[in-house]
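Just so we're on the same page: letters track the sequence lines, and every chain starts at 1. These numbers come from the heavy atoms of this one structure, side chains and all, not from hydrogens, waters or symmetry mates.
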Amino acid sequence: MTKNEIRSCEDALRLLAAYIDRELPGPTDAKVEHHLETCRSCYSRAEFEKRLKASLAELGSEPVRPALAERVNTLIRTFSVAGGD
Amino acid sequence: MPAQTVHSMPSEVDRAWFGERVDTLLPELYGRALRLCRHRANAEDLVAEAVARAWESLPSLEDRDAFRAWVFRILNNAFVSSCRTARAKADHEPLDTTDRAFSLFERLHQPILLWWGSSPETDFLNRLLREDLERAIHGLPEPFREVVALVDVQGLPYQEVADLLDVPLGTVRSRLSRGRSLLQEALWEHGIEAGLVEGDRKADPNTSEKKAHDQE
C-alpha cells in the first residue's frame, strides 16, 4: 500500500489539510474527494476546516489608521519622478 | 494612462497611478503585515518599507495588471529581510512530533457537550468573533504564526512559503501542522472561557470520538 492510498478515515484525515490547501497531486486529490463524498463524518470535518481557513483569510485585510494612510501618502510624494525637481 | 512597462524613471503620471493602487490595497497590505509582525508599529513600518521598495522596483514590473500579487510579494520579502527575528529563522521544530494534533472539530464532537443547535461546529464558528481569531493567531509562537499567516491568511502555496522563508518544504508542512494545532487549541480554550462551549473540558476526546466516528 502506498502512503497515498485511502482505505480508512484515518488515511483521509492524514491528507485532509493538504487537500484543503490544494497541495495534493491530482490522483490523490481525487481519492480524498471520493472518500469525502462517501463519508459523512469526514465530510463534516472537511467543511469545518474549510470554513475555519476561510475565516482566517478574512484577517488579511485590516482597517488602516489615518496616520498610516497619511504616512504612505507623504512617502509617495517624496519619490523622485522623471522631469521632477 | 501610463505605459504598461516603465523602463526608465517613473513619471508624475506613474506616481499618481502608483499612489492610487497603493491606496486601494492599503488595508490588505496592512492586514497581511499585521498578521506577520503582530505589533501595529512594526506592521506600519513594514508597509512603508514595502511601498518604498515597490516604487524603486516599479520599472521592472512588466505587467501592471499583476501589481497586486507583485506588491504583496515585495511585502513578504521585506518582512523576511527586515521584521523576521533570528528566533523564527532558527530551526524551531516541534520537540515532540509524535504529539497528537489538537482538533477543534473532534473536541466539539465530544458526546458530553451540550448543544442548542443542530451542528456543534457550525454553532461554534458562528459564535467566534474576528477578534477571537486575531488573538489566536497573534498568540502563536513566531515560527508557526508566520507559516499560518502565509498559507491560511494569504493563501500562498507551500513551495512559495518554503522559498520565501528559505526552509525545506517539509519544514513548512510541519510548522503549518503544529501552528494549526496550536491555533485550534487556543480557540478551544477561548471558547471554554467565553462560554461558547459547555461541558466537561477534561473529558478525554480520544476515546469518545473514536467510538462516535466508528459508529458512522
Side-chain angles (χ1 to χ4, degrees), chain A residues 3 8-25 29 35-36 38-85, chain B residues 8-15 18-19 22-23 26-35 40 43-44 47-48 51-52 55-56 58 103-106 108-109 119 121-122 124-125 128 130 133-134 136-137 148-149 151-155 157-159 173 176-177 180 183-184 187 212-214 216:
Chain A
K3 68 175 187 175
S8 65
C9 293
E10 196 179 333
D11 291 339
L13 294 179
R14 182 172 48 79
L15 296 169
L16 188 60
Y19 168 80
I20 291 170
D21 294 335
R22 303 215 162 276
E23 292 280 349
L24 290 178
D29 186 272
H35 179 83
L36 296 180
T38 55
C39 176
R40 192 174 54 183
S41 172
C42 289
Y43 175 80
S44 299
R45 169 79 176 263
E47 289 303 299
F48 173 79
E49 303 293 348
K50 281 183 194 171
R51 232 189 114 188
L52 186 56
K53 185 178 168 78
S55 300
L56 289 170
E58 288 174 12
L59 301 182
S61 185
E62 189 78 18
V64 173
R65 288 195 307 152
L68 175 61
E70 182 52 37
R71 177 180 172 182
V72 169
N73 284 336
T74 303
L75 178 67
I76 292 173
R77 281 198 297 273
T78 67
F79 292 153
S80 300
V81 294
D85 291 335
Chain B
S8 54
M9 182 182 274
S11 67
E12 193 62 61
V13 176
D14 294 320
R15 174 156 64 186
F18 180 84
V22 167
D23 189 55
L26 206 49
E28 284 183 85
L29 285 165
Y30 178 57
R32 290 172 181 224
L34 193 58
R35 302 308 153 222
R40 191 166 72 179
E44 292 185 348
V47 169
V51 169
W55 176 257
E56 282 175 20
L58 192 61
S103 165
L104 188 53
F105 181 86
E106 289 178 0
L108 290 166
H109 274 262
S119 159
E121 68 272 15
T122 301
F124 186 87
L125 288 176
L128 269 186
R130 180 186 167 97
L133 290 162
E134 286 173 355
I137 201 167
V148 170
V151 174
D152 282 340
V153 177
Q154 296 200 25
Y158 297 172
Q159 187 61 58
R173 289 181 193 276
L176 184 62
S177 173
R180 284 171 170 167
L183 183 100
Q184 294 202 1
L187 289 174
H213 189 267
D214 289 346
E216 285 287 333

Going from CG on B/Leu34 to CG on A/Leu59, what distance comes out if it is rounded to the nearest 0.5 angstrom?
9.5 Å
List the steps, then state whether side-chain contact (heavy atoms from CB on, under 4.5 Å) holds for A/Phe48 with B/Leu104.
CA-CA 9 Å; A/Phe48 173 79; B/Leu104 188 53; 3.7 Å; yes
Spatial distance of atom CH2 (B/Trp55) from atom OG (A/Ser80) [nearest 0.5 Å]:
8.5 Å
What's the shortest heavy-atom distance between B/Asp152 and A/Lys53, and which atoms?
OD1-NZ, 2.9 Å
Per-residue contact mode, A/Ala67 against chain B (heavy atom under 4.5 angstrom)
neither
Which of B/Asp23, B/Leu176, B/Val47, B/Thr122 touches chain A most, by non-hydrogen pairs under 4.5 Å:
B/Thr122
Check each atom of B/Leu133 against the heavy atoms of chain A and say whether the ones under 4.5 Å are side chain, backbone, both or neither.
both
Under the salt bridge (Lys or Arg N to Asp or Glu O under 4.0 Å) test, residues paired with A/Glu70 that sit two or more places apart
A/Arg77
Atom OH of B/Tyr30 and atom CG of A/Leu68: how far apart are they, to the nearest 0.5 Å?
7.0 Å
With a 4.0 Å cut-off on N to O distance, would you call B/Glu121 and A/Arg45 a salt bridge?
no
Would you call B/Glu44-A/Arg65 a salt bridge at under 4.0 Å N-O?
yes
Under 4.5 Å to a heavy atom of chain B? For A/Ser44 that would be both
Which bit of B/Val51 is near chain A, if near means a heavy-atom gap under 4.5 Å: side chain, backbone, both or neither?
both
What pairs with B/Arg130 under side chain to side chain donor-acceptor pair (under 3.5 Å), at least two apart in sequence or on another chain?
A/Glu62, B/Glu134
Structural part of A/Leu56 lying under 4.5 Å from a heavy atom of chain B
both
What are the two closest non-hydrogen atoms of A/Ala18 and B/Arg173, and how far apart are they?
CB-NH1, 4.4 Å
Quick one: pull up CD in A/Glu49 and OG in B/Ser103 and give me the separation to the nearest 0.5 Å.
6.0 Å
With only heavy atoms counted, which part of B/Gln184 is less than 4.5 Å from chain A, the side chain, the backbone, both or neither?
side chain
Mind listing the closest non-hydrogen atom pair of A/Ala69 and B/Leu26 along with its distance?
CA-CD2, 3.8 Å
Donor-acceptor under 3.5 Å (B/Arg15 side chain, A/Val81 main chain)
no
